[in-house]
K.L.:
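The structure follows.
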Amino acid sequence: MAEPISGLATLRKPAALSPARSRAGDRLAARARRNVSAHGFLIGAVLCFAFFSWYPICREIVMSFQKSKLGVTSWAGLSNYERIFRDPTFWTAWKNTLEFTVLALILGYAVPFFAAILLNELRHAKGYLRCLVYLPVMLPPTSALLLFAYFYDPSYGLFNDVLRHLHLPVSQWVQSPGTGLPSMAMISVVIAATWMNMGGATLIYLAALQNIPGELYEAAELDGAGLLRKIRHITIPQTRLILSMLLLLQIVATMQMFVEAFILTNGGAGVNNNTLSVVNLIYQYAFALSGASNYNSASALGVVLMLVLAVFSGGYLWLTRQTDR
């Protein structure tokens, strides 16, 4: 006799997934997690750039065509640009900025490269010397520049004390009134800036030098090549990419010089405006010109500086690509 069938529906155990389908599901879940993480980091980076870079740039461009009076903002057209181009200090600031850039390339671009070559050739105390070269970069810029302000003091500064002991004529350093090319004041600012910033470039060059195959130098030595010929025919061609990149970055950075002259000369203008830079003039337009300060003229000068740097960077990259081809 058959057993009575229960009134409740019989529950069926679900069939087990096949191993292939299970692995496919795991791969799909892992890919989804990776995509979510990647898009999360990407969105965060885009938001940071939007709030702290793109929005200020767009806002600066808009403000350069406006004027504000008694809290009322109106359209000004090109009047802010006309004002800064009529200002005599505009051309003085550009002259000083270009002078600083050229001097910084002579010292700040060449000195780290040759310092890296020297460190790469040493056999002992490499770690200590690398730390010693990089130490100024770890100092706050204000502290490093105040140290140089003490060194440059005409009365009790270290540099003039050394010159007196050597029975050499002393100098006014950053307080020199001369406006010739190059001026002693600008040379003094470049020396301080080079000492502050050369550590990072030196370590980058050193890392590039250590990737050069040693067989190239051994072959050059067998051919009788000296140090200068090895640098010219092996070191520079093998590090051309790093040299090009740092050259562009250094030109862009030096044309935005501000804090060095601002601290060393107690305001940035120096004597007879011989250390006044474009960025310092932007600061004066925005904050320091009594009775004539406005953000609109400062924004116009900022846009001019941005366009100059953009044109230079684009032209430099185009020439670099043409050379590589």
Side-chain angles (χ1 to χ4, degrees), residues 45-46 48-50 52-54 56-58 60-61 93-120 133-134 136-138 141 144 181-182 186-187 189-212 231-262 275 277-282 301-325:
V46 169
C48 286
F49 274 105
F52 298 108
S53 294
W54 299 333
I57 291 174
C58 296
E60 179 186 41
I61 295 173
W94 274 107
K95 178 185 76 69
N96 294 335
T97 300
L98 294 176
E99 180 186 357
F100 178 85
T101 300
V102 172
L103 292 174
L105 289 179
I106 295 174
L107 289 178
Y109 185 68
V111 170
F113 183 66
F114 288 105
I117 293 176
L118 179 61
L119 290 175
N120 194 50
V133 170
Y134 193 72
V137 180
M138 295 185 287
L181 293 176
M186 191 62 73
I187 292 174
V189 174
V190 170
I191 292 173
T194 301
W195 182 82
M196 284 172 47
N197 302 311
M198 66 174 289
T202 300
L203 292 186
I204 293 175
Y205 288 140
L206 187 59
L209 292 175
Q210 291 178 346
N211 289 327
I212 300 176
I231 292 175
R232 178 184 175 185
H233 296 288
I234 298 176
T235 304
I236 293 178
Q238 291 292 320
T239 58
R240 184 178 59 181
L241 179 61
I242 298 298
L243 289 171
S244 301
M245 180 189 69
L246 289 184
L247 176 64
L248 176 61
L249 293 178
Q250 180 152 350
I251 291 176
V252 172
T254 52
M255 291 194 70
Q256 300 179 65
M257 181 266 290
F258 172 73
V259 66
E260 295 88 353
F262 186 82
T275 59
S277 67
V278 174
V279 178
N280 188 272
L281 186 58
I282 293 174
L301 184 52
V303 171
V304 172
L305 178 61
M306 180 181 66
L307 291 177
V308 170
L309 293 177
V311 170
F312 169 80
S313 301
Y316 179 81
L317 293 175
W318 181 81
L319 289 175
T320 302
R321 291 179 180 177
Q322 295 299 318
T323 303
D324 292 338
R325 290 178 183 176

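We use all heavy atoms of the structure for the numbers below, so side chains are in, but hydrogens, waters and symmetry mates are not. Since this is a predicted model, take the numbers as computed values, not measurements.
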K.L.:
About how many Å separate CD1 of Ile191 and CD of Glu260, when rounded to the nearest 0.5 Å?
P.N.:
13.5 Å
K.L.:
Do Ser244 and Tyr316 come within less than 4.5 Å of each other through their side chains, counting heavy atoms only?
P.N.:
yes
K.L.:
If you look at every heavy atom in Ser313 and Val252, which pair is closest and at what distance?
P.N.:
OG-CG2, 3.9 Å
K.L.:
So, do Thr254 and Met257 sit near enough that their side-chain heavy atoms are less than 4.5 Å apart?
P.N.:
no
K.L.:
Within the structure provided, determine whether Leu203 and Val133 are in side-chain contact (heavy-atom separation under 4.5 Å).
P.N.:
no
K.L.:
Within the structure provided, determine whether Ser277 and Thr97 are in side-chain contact (heavy-atom separation under 4.5 Å).
P.N.:
yes
K.L.:
Which residues satisfy the side chain to side chain contact (heavy atoms under 4.5 Å, CB included) test with Leu98, sequence neighbours excluded?
P.N.:
Met255
K.L.:
Side-chain contact, heavy-atom cut-off 4.5 Å: Ile231 with Ile236?
P.N.:
yes
K.L.:
Yes or no on side-chain contact (heavy atoms from CB on, under 4.5 Å) for Leu247 and Leu105, after CA distance, side-chain angles and deciding distance?
P.N.:
CA-CA 8 Å; Leu247 176 64; Leu105 289 179; 3.8 Å; yes
K.L.:
When you compare the side chain of Leu248 with that of Phe312, does any pair of heavy atoms fall below 4.5 Å?
P.N.:
yes
K.L.:
Give the intermediate values and the outcome of side-chain contact (heavy atoms from CB on, under 4.5 Å) for residues Leu103 and Phe100.
P.N.:
CA-CA 5 Å; Leu103 292 174; Phe100 178 85; 6.0 Å; no
K.L.:
Please report the closest heavy-atom contact between Pro182 and Ile187, naming both atoms and the distance.
P.N.:
CG-CD1, 3.9 Å
K.L.:
Tell me which one of Leu309, Val303, Leu301 satisfies side chain to side chain contact (heavy atoms under 4.5 Å, CB included) with Leu305.
P.N.:
Leu309
K.L.:
Is the closest side-chain heavy-atom distance between Trp195 and Leu107 below 4.5 Å?
P.N.:
no
K.L.:
Just wondering, are more than 12 heavy atoms of other shown residues or ligands nearer than 6.0 Å to CZ in Phe49?
P.N.:
no
K.L.:
Show the nearest heavy-atom pair for residues Leu209 and Asn120, with the distance to one decimal.
P.N.:
CB-ND2, 4.0 Å
K.L.:
How close do Gln250 and Tyr109 get, counting heavy atoms only, and between which atoms?
P.N.:
NE2-N, 3.4 Å
K.L.:
How close do Ile242 and Ala208 get, heavy atom to heavy atom, and via which atoms?
P.N.:
CG1-CB, 3.9 Å
K.L.:
Once the angle between the rings of Tyr205 and Phe113 is folded into 0 to 90°, is it parallel (under 30°), tilted (30 to 60°) or perpendicular (over 60°)?
P.N.:
perpendicular
K.L.:
Quick one: CD1 on Ile204 to CE on Met245, what's the gap to the nearest 0.5 Å?
P.N.:
5.5 Å
K.L.:
On a heavy-atom basis, which atom in Leu281 and which in Ala93 lie closest, and how many Å separate them?
P.N.:
CD2-CB, 4.1 Å
K.L.:
State, yes or no, whether a side-chain contact exists between Met198 and Pro136 at a heavy-atom distance under 4.5 Å.
P.N.:
no
